[in-house]
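Have a look at the structure below before the remarks.
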Amino acid sequence: MFTEESQSSELDWDFYFYVGNTLLGLSMDDFFKITPAHFLKQYIMHLRYNHPDAIIEKKPKQVYTLDQTPFY
């Protein structure tokens with residue numbers, strides 16, 4: 001017997017398996033060896049290539065150093 005929580009977590013993993021296997025072309029062995037950060041980077045690269053409108057790039061915040069600030 002499954003509870004709602006266990007079914008929900010299984011559905012979450014199903015999504016990751018789907019993305020890894022079908023969209024990124026990873027085998028199950030590769031899927032279990034990949035790190036979460038690398039998986040996310042691969043998925044973002046897939047989106048940039050196949051659906052460029054899916055990701056809106058934001059400019060990074062301007063970082064000022066001490067020598068660029070005025071001294072009053």
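Everything quoted here is computed from the prediction, not taken from an experiment.
Using a 4.5 Å cut-off between side-chain heavy atoms of Ile, Leu, Val, Met, Phe, Trp and Tyr, with links allowed through other members, Leu24 and Tyr49 fall into different hydrophobic clusters.
When every heavy atom of Asn21 is checked against every heavy atom of Ser27, the shortest pair comes out as OD1-C, 4.0 Å.
Not counting sequence neighbours, the partners of Phe17 by the ring-ring contact (aromatic ring centres under 6.0 Å, His included) test are Trp13, Phe31, Phe32. Qualifying salt bridge (charged side-chain N to carboxylate O under 4.0 Å, His left out) partners for Asp29, counting only residues two or more places apart in sequence or in other chains: Lys33.
The CG atom of Asn50 sits 8.5 Å away from the CG atom of Leu23 when rounded to the nearest 0.5 Å.
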List, one per line, each side-chain donor-acceptor pair under 3.5 Å for residues 38-45, sequence neighbours excluded.
unit_1, atom_1, unit_2, atom_2, d
His38, NE2, Gln42, NE2, 3.1

